[in-house]
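Encoded as structure tokens, the structure appears first; notes follow it.
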Amino acid sequence: MRMEKSEIAMREEFTRWCKTVQSQMETVLLSHLPATTLAPHKLHEAMQYAVLDGGKRVRPLLAFAAGELFDAPRDGIQRAACAVEMIHAYSLVHDDMPCMDDDALRRGKPTVHKKYDEATALLVGDALQAQAFEVIAGGNLDAQRKVAMVSCLARAAGSLGMCGGQAIDLDSVGISLSRDALEHMHRLKTGALLEASVMLGALAGKSLLSAEELALRAYSSAIGLAFQVVDDILDATADSATLGKTAGKDAASNKPTYVSILGLNESLALAEKLRQDAHQALLPFGDPAMRLKELADLIVQRKT
Ligand code: GRG
């Protein structure tokens, strides 16, 4: 399919924007993590190992795009992006541990419990979770905004969000889930934090009208599920070197996935439908929501 010149220019501009946010995040995350010169040195070094230099930074990109749409101050956006990435990094560290997914490779490098040890990996996750809330509680946003952001992130990370989804996932090994049950699990495990990434960026900005909040929630709910459908597709079709994590893990561990329930072609069609739903939800915002629209495309068309 040939692209128009203007379309190519827009793609290039979006890629530049992503690269700027991704490199800015490296500096911002480092500035919000305890220095390795502080004791306990091993814990602080392992926290930096878990968070820095890796990952696509999809959640920070979403927080930036939503924050910019709602005119949030730069420091507020950065804190939202940082907090959500810290929660995400903690979840990956714990998920990789032998008591959960037992994985040796993450973001193209040895997992935290392999590089350090299990007790350190447990503490890295715990400390990153606490740090995320400290990051949001600091800064110059007014108290009402901060409370709304803390509450949004806590809900997304807790037993009615990511942790709840992980609990359902652990209980589902070897069980045949219905499509609705699979969707419920993924909306909690992966979708909740992606949705929170969008909402946190927006909450750092000007107050949302209820119609705007509804539209943003419809967008983030579509991309949250799309992300997981694509993750299942990649797990079944890509190799470990490309993914930077062990591929084919779901089938090997007898886990229900979109590919195992719907098959590959229907999973691809579902991801495309969710991309269109996300675009549709953004219509009330017009051109200023372009970055969120491009991020929906990136989430569905990504190869890692
Ligand atoms: C341990 C509380 C707890 C939760 C773990 C998110 C999660 C729940 C586990 C991760 C396992 C997994 C592979 C889930 C599939 C979707 C997902 C979150 C993939 C990793 O996110 P990416 O692709 O990773 O955004 P990067 O490394 O790019 O940041």
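Predicted model only: the values in this text are computed from it and were never measured. We count ligands from 1, going down the list as the structure has it; atoms in each ligand are counted the same way.
Of the listed residues (Cys163, Ser91, Gly165), the one carrying the non-hydrogen atom nearest atom 7 (C) of ligand 1 is Ser91.
Closest to atom 24 (O) of ligand 1, if we only count protein heavy atoms, is His88 NE2, 3.5 Å. Remark: minimum distance from atom 17 (C) of ligand 1 to any protein heavy atom is reached at Phe227 CE2, 3.9 Å. Protein heavy atom nearest atom 19 (C) of ligand 1, with residue, atom name and distance: Asp231 OD1, 3.9 Å. Of the protein's non-hydrogen atoms, Lys245 NZ, 3.7 Å is the one closest to atom 13 (C) of ligand 1. The nearest heavy-atom contact from the protein to atom 25 (O) of ligand 1 is Arg59 NH1, 2.8 Å. Atom 27 (O) of ligand 1 has as its closest protein heavy atom Arg107 NE, 2.9 Å. Scanning the protein for heavy atoms near atom 16 (C) of ligand 1, the closest one is Gln228 OE1, 3.5 Å. Nearest non-hydrogen protein atom to atom 8 (C) of ligand 1 is Gln166 OE1, 3.3 Å.
When the ring pair (Phe, Tyr, Trp, His ring centres under 6.0 Å) test is applied to Phe227, no partner is found at least two apart in sequence or on another chain.
Against a heavy-atom cut-off of under 4.0 Å, Gly55 is close to the following atoms of ligand 1: 26 (P), 27 (O), 28 (O), 29 (O). Atom numbering of ligand 1 starts at 1 in the shown order; those under 4.0 Å from a heavy atom of His94 are 1 (C).
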Trace of the side-chain contact (heavy atoms from CB on, under 4.5 Å) decision for Arg59 with Ile87: CA-CA 10 Å; Arg59 294 152 194 81; Ile87 296 283; over 6 Å; no
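Looking at ligand 1, you won't find any N or O of Lys189 less than 3.5 Å from one of its N or O atoms. Looking at ligand 1, you won't find any N or O of Tyr90 less than 3.5 Å from one of its N or O atoms. Backbone and side-chain nitrogen or oxygen atoms of Lys56 are examined, and one is located within less than 3.5 angstrom of a nitrogen or oxygen of ligand 1. Considering backbone and side-chain N/O of Asp95, none are found under 3.5 Å from N/O of ligand 1.
No side-chain donor-acceptor contact under 3.5 Å links Glu26 and Gln22.
Separation of atoms OG (Ser151) and CG (Leu203) is listed at 9.0 Å; rounding is to 0.5 Å. To the nearest 0.5 Å, the span separating NE2 on His44 from CD on Gln48 amounts to 9.0 Å.
Only one option out of Thr237, Thr257, Ile261 pairs with Asp232 in a side-chain contact (heavy atoms from CB on, under 4.5 Å); it is Thr257.
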What donor-acceptor contacts under 3.5 angstrom involve side-chain atoms of residues 284-297, with partners at least two apart or in another chain?
residue : atom : partner : partner atom : Å
Arg291  : NH1  : Glu294  : OE1          : 2.9
Arg291  : NH2  : Glu13   : OE2          : 3.1
Asp297  : OD1  : Arg275  : NH1          : 2.7
Asp297  : OD1  : His279  : NE2          : 2.8

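Contact between Val51 and Leu128 at its shortest, heavy atoms only, is CG2-CD2, 3.6 Å.
Here the side chains of Leu52 and Leu29 are in contact, with some heavy-atom distance below 4.5 Å.
Salt-bridge formation is detected for the pair Arg106/Asp95: a Lys NZ or Arg NE/NH1/NH2 atom is positioned less than 4.0 Å from an Asp or Glu carboxylate oxygen.
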